[in-house]
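Worksheet for the structure shown next.
Computed over heavy atoms, backbone and side chain alike; hydrogens, waters and symmetry mates excluded. Residue numbers count from 1 along this sequence.
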Amino acid sequence: MTETELHHYSAIAGHFFDSMLSGRFNGSVLVAKKGVVLYERYKGFKYPERKKDSLDAHTAFHLASVSKTFTAMATLKLWQEGKLDIHDPVSKYLAGFPDTATTVQMLLNHRSGLRNYVHFMDRSGWDKHKFLSNGDVLQYIIAHPRETRGRPPGKNFEYSNTNYALLALIIEKASGLPYPDYLARTFFQPLQMQDTYVYTQADSATSMQSYYQTGRKFRIEFLDMVYGDKNIFSTVRDLYKWDRALRDGQLFSKGVLDSAYAGYSFEKPGQRNYGLGWRMLMIPNGKKLIYHNGWWHGNRTVFLRMLDEDATIIALCNNDYKGVYSSKKLVDLFGDYRQGRENFDEEDPSDPSGATASTAAAVPSTAGDPGGVKKADPPPAAKKRSLAKRSPVKRHSAHAHKRRTVATAAR
């Protein structure tokens, strides 16, 4: 990148975010291209109610559903190593799971048909003075298969946190390690992501909390210990290390990455789709934007990746600042993504993921593919069997808070 290009990108990114962050944003932002940081800013405090401890490069934020990118890639890492097969039934890895039609891939691309545990556990009669675990979610599904099942497996896309809570258990089963340990050994430590960790109850006294728009602190609730769908804390710099590692081939083969970034849901027309742990916009001009957003309590997060241009935009906040999703408009600085006039304020309580049921990209289905869905090919290291092209993923219509007791949803 020339000095002229560097100045051009930096000036526009600075103008965009300085204006956007002039309000009550409490968080961090990083914009980069081809390994060069163009803009980086930290605004606010770790304890905003007291205006104490200014945010800095080492202040870790709850990533909310951006955590799903790690869970998905951990699953695909095990697939690449031949330790699991994403086309296997979930029941192969989770004893007692109540059907054999739901595959690991259907969890990854949200085509399992499982309802969102955020809602069914809220109505279940669970003692809300007791933290829910991933194992508890699985046991409830085993005991109440009809209540926890929405549509038949593979039928269509329905964004559900349940999928990723179960994937975390599958990672533990296939790796023989607790989910936090597997991610630390496989990703965080090798990539020197020193400020990134999976939240546990032991971190409750030191991790940064989140806040309502009014400045009132969110209280910890019974859903807060379930991981896989959420509960990874990180910084903009560490997320940029994650972005770089996913580009340079040090962790994954091209075949695995192609599977992760493919769209799997084509039931309805639109530009939005979902891969294996990644959202995407499939622009009519052929461009594809890979990204994921997050929302849990007051934590709102954005992770935007322009693969063609080797550019990245990351924005994290913890004070329920919805304007953070406007970050997506800046992608037009780097390529013809046609997002400048789009509204990405994800306020719809029935779809906090920003993916409505009618937004899957309109792409011709594969010939002979039942349901018009294509299947991920096996990775080079995991060619256990030959598979017909057919696969499952749909758009993410995430979690809503149908009741005020479920304060916010991971999306």
Apply ring pair (Phe, Tyr, Trp, His ring centres under 6.0 Å) to the pair F218 and Y212, showing each step before the final yes or no.
CA-CA 7 Å; F218 272 92; Y212 291 92; 3.7 Å; yes

Do you know which two heavy atoms are closest between L132 and M225, and how far apart they sit?
O-CB, 3.8 Å

Side chain proximity check, L114 to R149, heavy atoms < 4.5 angstrom
yes

Side chain to side chain donor-acceptor pair (under 3.5 Å) partners for S207, two or more places apart:
none

Hey, which of Y164, Y274, W242 is the one that makes ring-ring contact (aromatic ring centres under 6.0 Å, His included) with H292?
Y274

Does a side-chain heavy-atom distance below 4.5 Å link L167 with L108?
yes

Report yes or no: does K288 contribute a side-chain atom to a donor-acceptor pair with the main-chain N or O of Y261 at less than 3.5 Å?
yes

Got a second to check how far D310's CG is from T312's OG1, nearest 0.5 Å?
6.5 Å

All heavy atoms of D336 vs all of I283, minimum pair found to be O-CG2, 4.4 Å

NZ of K173: more than 12 outside heavy atoms within 6.0 angstrom?
no

D320 side chain vs R300 backbone, donor-acceptor pair below 3.5 Å
no

Measure the shortest side-chain to side-chain distance between K287 and R338 over non-hydrogen atoms and say whether it is less than 4.5 angstrom.
no

I need the minimum non-hydrogen distance between L276 and A72, along with the two atoms involved.
O-CB, 3.4 Å

Could you check whether any side-chain heavy atom of F61 comes within less than 4.5 Å of a side-chain heavy atom of S210, counting everything from C-beta outward?
no

Given 3.5 Å as the limit, does a donor-acceptor pair link the side chain of K43 with the main chain of G27, or not?
no

Suppose we screen for ring pair (Phe, Tyr, Trp, His ring centres under 6.0 Å). Which residues come up paired with Y321, at least two apart in sequence or across chains?
F25

Under 3.5 Å: donor-acceptor pair, side chain of D136, backbone of S133:
yes

Inter-residue atom distance T69.OG1 - I290.CD1, 0.5 Å rounding:
12.0 Å

Using 4.0 Å as the upper bound for N to carboxylate O, is an ion pair formed by D248 and R244?
no

Hey, does the side chain of S19 reach the backbone of F16 with a donor-acceptor pair shorter than 3.5 angstrom?
no

Where do V118 and D122 come nearest, in terms of heavy atoms and distance?
O-CB, 3.4 Å

Locate the shortest heavy-atom distance separating S204 from I220; write the atom from each residue and the value.
CB-CD1, 4.1 Å

State, yes or no, whether a side-chain contact exists between W296 and H62 at a heavy-atom distance under 4.5 Å.
yes

To the nearest 0.5 Å, how far apart are CZ in F222 and NE2 in H129?
11.5 Å

Take I142 and L138, measure what side-chain contact (heavy atoms from CB on, under 4.5 Å) needs, and give me the verdict at the end.
CA-CA 6 Å; I142 293 171; L138 173 60; 3.9 Å; yes

Evaluate side-chain contact (heavy atoms from CB on, under 4.5 Å) for Y9 paired with V31, printing each intermediate quantity in order.
CA-CA 9 Å; Y9 289 126; V31 181; over 6 Å; no

Do the side chains of L246 and R305 get nearer than 4.5 Å, heavy atoms only?
yes

Have a look at I314 and tell me which of V302, L304, V236 forms a side chain to side chain contact (heavy atoms under 4.5 Å, CB included) with it.
V236

Does T186 reach the main-chain N or O of Y182 with its side chain, forming a donor-acceptor pair under 3.5 Å?
yes

Report yes or no: does T162 contribute a side-chain atom to a donor-acceptor pair with the main-chain N or O of R115 at less than 3.5 Å?
yes

Mutual orientation of the aromatic rings belonging to Y140 and H144 [parallel < 30°, tilted 30-60°, perpendicular > 60°]
parallel

How long is the span from the OG1 atom in T148 to the OH atom in Y117, to the nearest 0.5 Å?
14.5 Å

Please report the closest heavy-atom contact between A315 and V324, naming both atoms and the distance.
CB-CG2, 3.5 Å

Given side chains that start at C-beta, do those of Q209 and H297 come closer than 4.5 Å, heavy atoms only?
no

Can the positive tip of K77 be found less than 6.0 Å from the middle of the six-membered ring of F252, inside 45° of the ring normal?
yes

Tell me, with the steps shown, if Y325 and N293 meet side-chain contact (heavy atoms from CB on, under 4.5 Å).
CA-CA 8 Å; Y325 302 122; N293 291 347; 3.8 Å; yes

Ionic contact status for K217 with E49, cut-off 4.0 Å:
yes

Quick check: Y159 with H110 (ring centres under 6.0 Å apart)?
yes

Between D229 and A165, is there a donor-acceptor pair closer than 3.5 Å when you use the side chain of the first and the backbone of the second?
no

The criterion is ring pair (Phe, Tyr, Trp, His ring centres under 6.0 Å); which residues satisfy it with Y227, sequence neighbours excluded?
Y179

Is any side-chain heavy atom of M306 closer than 4.5 Å to one of L289?
yes

To the nearest 0.5 Å, what is the distance between SG (C317) and NZ (K322)?
10.0 Å

May I have the step-by-step check of side-chain contact (heavy atoms from CB on, under 4.5 Å) for T75 and K83, ending in yes or no?
CA-CA 9 Å; T75 305; K83 295 179 180 178; over 6 Å; no

Please check this pair: side chain of N319 against backbone of N26, looking for a donor-acceptor N/O pair closer than 3.5 Å.
yes

Indicate yes or no for a side-chain donor-acceptor contact from T301 to the backbone of G294 under 3.5 Å, with no hydrogens or angles considered.
yes

Rounded to the nearest 0.5 Å, the OG atom of S160 sits from the NE2 atom of H119 at a distance of 8.5 Å

What pairs of donor and acceptor atoms, side-chain ones from residues 190-197 against any protein atom, are under 3.5 angstrom apart with sequence neighbours left out?
from	atom 1	to	atom 2	distance (Å)
D195	OD2	H58	ND1	2.8
T196	OG1	S234	OG	2.7
T196	OG1	D238	OD2	2.7

Salt bridge or not between D224 and K230? Use side-chain N to carboxylate O under 4.0 Å.
no

Heavy atoms from other residues, nucleotides or ligands near CZ of R219 exceed 12 (cutoff 6.0 Å):
no

Pair K46-N318, side-chain hydrogen bond (donor to acceptor under 3.5 Å, both in side chains): steps then yes or no:
CA-CA 9 Å; K46 184 174 181 180; N318 71 329; over 6 Å; no

Quick one: side chains of residues 32-39, donor-acceptor pairs under 3.5 Å with protein atoms, not counting sequence neighbours, listed by atom name and distance.
from	atom 1	to	atom 2	distance (Å)
K33	NZ	E309	O	2.9
Y39	OH	D18	OD1	2.7

Is a donor from one side chain sitting under 3.5 angstrom from an acceptor on the other, for T206 and D203?
no

Residues in ring pair (Phe, Tyr, Trp, His ring centres under 6.0 Å) contact with Y337, at least two apart in sequence or another chain:
none

